[in-house]
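Everything quoted here is computed from the prediction, not taken from an experiment. Remember, it's 1-based here, ligands and their atoms both numbered in the order they're listed.
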Amino acid sequence: VTGPERALHHASNVLVAGTGLVYAWMIYLVTPEDPFALANHPWQPELQSAHILFAPLVVFAVGYSWQSHVWMRLRFRFPHKRRTGLCLFALFLPMVVSGYGLQVAVNETVHATWLWMHWISSGLWILFYLIHWMLPGPQLEGTDLCFPDDD
Ligand code: HEM
Ligand code: HEM
C-alpha cells in the first residue's frame with residue numbers, strides 16, 4: 001500500500017473500531033445512575049452517531065485499495081501476509097452488511113442475527129487487522145516482487 005492508503009486505513013479503523021468498542025462498553029458494561037434512563041451512558045447516542053458516520057471511511061479505505069492491494073495480491077498469489085489478508089478479505093463484507101442490516105432489521109430474530117454477525121466479524125476484523133499490520137512485510141525494494149504502484 002502507498003503512504004496515503006496506509007494513513008487512511010489506520011485512521012478509519014481507529015475511528016470506527018474505537019467508536020464501536022466504546023459504544024459496546026456503554027451498551028453492555030455501563031449501569032445507568034438513573035434506573036429509568038433510556039441510555040446507559042449520557043453520551044451513548046453521540047457514540048452511536050459517530051460510529052455510523054465514521055463507518056463509511058473503512059468502506060472507502062478498502063475500496064480505495066481494492067484493485068491495487070487486495071485483488072492484486074490475491075490474484076498474483078503474493079505470499080507475504082497472505083493468510084491475514086485473506087481473513088480481512090473474507091470478513092469485510094459480513095462486517096459491513098451486518099452493520100447496515102442492524103439498522104434496517106424488521107424483527108427481533110433478524111436483528112439478533114445481524115448483531116451476532118456484526119460482533120463476530122468486527123471482533124475478528126480488529127484482531128486480523130492488527131496481526132496483518134504487525135507481521136513483517138517483504139523487502140520490496142530491488143526485488144522483482146515490487147509492483148509499480150507500491151511505495
Ligand atoms: C471495526 C470494528 C467495529 C466494531 C468494534 C463495531 C461495533 C459495533 C457495535 C458494538 C454496534 C452496536 C451493536 C448493538 O446494538 O449492540 C455496532 C453497530 C453498528 N455498526 Fe459497527 N462495528 C465495527 C465496524 C463497523 C463497520 C465497518 C460498519 C459499516 C461499514 C459498521 C456499521 C454499524 C452500524 C450501521 C451499526 C448500527 C448502529 C445502530 O443502529 O445502533 N460497524 N457496531
Ligand atoms: C481487505 C483486505 C486487506 C486490507 C484492509 C489490508 C490492509 C493493509 C494495510 C493497512 C497494510 C499496511 C500495513 C502497514 O505497514 O502499516 C497492508 C500491508 C500489506 N498487505 Fe494487506 N490488506 C488486505 C489484504 C491483503 C491480502 C489479500 C494480501 C496478500 C495476499 C495482503 C498483503 C499485504 C502485504 C504483503 C503488505 C505489506 C506490503 C505493502 O504495504 O503492500 N493484504 N495491508
Q: What protein heavy atom is closest to atom 16 (O) of ligand 1, reported as residue, atom name and distance in Å?
A: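 Among all protein heavy atoms, the one nearest atom 16 (O) of ligand 1 is Tyr28 OH, 2.5 Å.
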
Q: Looking at Val70, which atoms of ligand 2 are within less than 4.0 Å of one of its heavy atoms?
A: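 Checking each atom against Val70, I get 1 (C), 2 (C), 3 (C).
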
Q: Under 3.5 Å, side chain of His111 to main-chain N/O of Val106, donor-acceptor pair present?
A: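 No, His111 side chain to Val106 backbone: no donor-acceptor pair under 3.5 Å.
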
Q: Near Val59, which atoms of ligand 1 are under 4.0 Å from a heavy atom of that residue?
A: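 So the atoms of ligand 1 that pass are 30 (C).
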
Q: Can you list the ligand 2 atoms lying under 4.0 Å from a non-hydrogen atom of Leu74?
A: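 Ligand 2 atoms under the 4.0 Å threshold to Leu74: 27 (C).
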
Q: Below 4.0 Å from any atom of ligand 2, is there a heavy atom belonging to His10?
A: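 A heavy atom of His10 does come that close to ligand 2.
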
Q: Quick one: pull up CH2 in Trp114 and CD in Gln103 and give me the separation to the nearest 0.5 Å.
A: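 Going from CH2 on Trp114 over to CD on Gln103, the span is 12.5 Å.
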
Q: Identify the protein heavy atom lying closest to atom 14 (C) of ligand 1, giving its residue, its atom name and the separation to 0.1 Å.
A: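 Of the protein heavy atoms, Leu115 CD1, 3.3 Å lies nearest.
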
Q: To the nearest 0.5 Å, what is the distance between CG on Leu86 and NZ on Lys81?
A: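 Rounded to the nearest 0.5 Å, the CG-NZ separation comes to 14.5 Å.
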
Q: Could you list the atoms of ligand 1 found under 4.0 angstrom from a heavy atom of Ala17?
A: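 Within the 4.0 Å cut-off of Ala17, ligand 1 contributes 1 (C), 2 (C).
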
Q: Please state whether the rings of His41 and Trp43 are parallel, tilted or perpendicular, taking 30° and 60° as the class boundaries.
A: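 If you compare the ring of His41 with that of Trp43, the planes turn out perpendicular.
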
Q: Just verifying a value: how many Å separate Gln48 CD and Thr19 OG1, rounded to the nearest 0.5 Å?
A: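 It comes to 11.0 Å.
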
Q: For ligand 2, which atoms, with element, lie under 4.0 Å from some heavy atom of Gly85?
A: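 This gives 24 (C), 25 (C), 26 (C), 27 (C) as the contact atoms.
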
Q: Judged by atom type as modelled, is there a donor-acceptor pair below 3.5 Å linking the side chain of Tyr129 to the main-chain atoms of His10?
A: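 Answer holds: yes.
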
Q: What part of His69, side chain from CB on, backbone N/CA/C/O, both or neither, has a heavy atom under 4.0 Å from ligand 2?
A: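 Only the side chain of His69 comes within reach of ligand 2.
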
Q: Rounded to the nearest 0.5 Å, what's the gap from OG1 on Thr84 to CG on Leu91? Could you check?
A: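 Going from OG1 on Thr84 over to CG on Leu91, the span is 11.0 Å.
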
Q: Trp66 to ligand 2: N or O pair under 3.5 Å?
A: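 Checking ligand 2 against Trp66, no N or O pair falls under 3.5 Å apart.
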
Q: As a check for students: among Glu5, Arg75, His132, identify the option with a heavy atom nearest to atom 8 (C) of ligand 2.
A: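 Heavy atom nearest to atom 8 (C) of ligand 2 belongs to His132.
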
Q: Only heavy atoms of Phe78, strictly under 4.0 Å: list the atoms of ligand 2 that pass.
A: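 The atoms of ligand 2 under 4.0 Å from a heavy atom of Phe78 are 30 (C), 35 (C).
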
Q: Could you check whether atom CG of Leu29 has more than 12 heavy atoms from other residues, nucleotides or ligands sitting under 6.0 Å from it?
A: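 Yes, enclosed.
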
Q: Is the count of non-hydrogen atoms from other residues, nucleotides or ligands lying under 6.0 Å from Trp71 atom CH2 greater than 12?
A: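 No, CH2 of Trp71 has 12 or fewer neighbouring heavy atoms, counting only those of other groups under 6.0 Å.
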
Q: With rounding to the nearest 0.5 Å, note down the distance linking CZ in Arg82 to CZ in Phe89.
A: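 Rounded to the nearest 0.5 Å, the CZ-CZ separation comes out at 10.0 Å.
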
Q: Is it the case that ligand 1 has an N or O less than 3.5 angstrom from some N or O of Gln48?
A: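 Between Gln48 and ligand 1 (N or O atoms, distance only) the closest approach is under 3.5 Å.
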
Q: Which part of Arg73 is near ligand 2, with near meaning a heavy atom under 4.0 Å away: side chain, backbone, both or neither?
A: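 It is both backbone and side chain that touch ligand 2.
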
Q: Just by distance, do the side chain of Glu5 and the backbone of Val1 share a donor-acceptor pair under 3.5 Å?
A: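 It does not hold such a pair.
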
Q: Is it true that a side-chain atom of Arg73 and a backbone atom of His80 form a donor plus acceptor pair closer than 3.5 Å?
A: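 Flag not set: sc Arg73 to bb His80 has no pair under 3.5 Å.
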
Q: Under 2.8 Å from atom 21 (Fe) of ligand 1, which protein N, O or S atoms do you find? Ignore water molecules.
A: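 Result, waters dropped: His51 NE2, His118 NE2.
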
Q: Using a strict cut-off of 4.0 Å, indicate which atoms of ligand 2 neighbour a heavy atom of Trp133.
A: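 So the atoms of ligand 2 that pass are 13 (C), 14 (C), 16 (O).
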
Q: Calculate, to the nearest 0.5 Å, the distance between atoms CG and CH2 belonging to Leu88 and Trp133 respectively.
A: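 The distance works out to 13.5 Å.
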
Q: Would you kindly specify which portion of Arg6 sits under 4.0 Å from ligand 2, judged on non-hydrogen atoms: side chain, backbone, both or neither?
A: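 Under 4.0 Å from ligand 2, Arg6 contributes side-chain atoms alone.
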
Q: Output side-chain donor-acceptor pairs under 3.5 Å for residues 92-102, partner residues at least two apart or in another chain, one line each.
A:
from, atom 1, to, atom 2, distance (Å)
Ser98, OG, Pro94, O, 2.7
Ser98, OG, Met95, O, 3.1
Ser98, OG, His118, N, 3.4
Ser98, OG, His118, ND1, 3.1

Q: Under a 4.0 angstrom heavy-atom cut-off, which atoms of ligand 2 come close to Tyr129?
A: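 In order of number, 10 (C).
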
Q: Please tell me if the side chains of Leu127 and Ile131 come closer than 4.5 Å, counting only heavy atoms from C-beta onward.
A: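 Yes, at least one pair of side-chain atoms sits under 4.5 Å.
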
Q: Under 4.0 Å, heavy atoms only, figure out whether ligand 2 is touched by the backbone of Phe92, its side chain, both or neither.
A: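 For Phe92, no heavy atom sits under 4.0 Å from ligand 2.
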
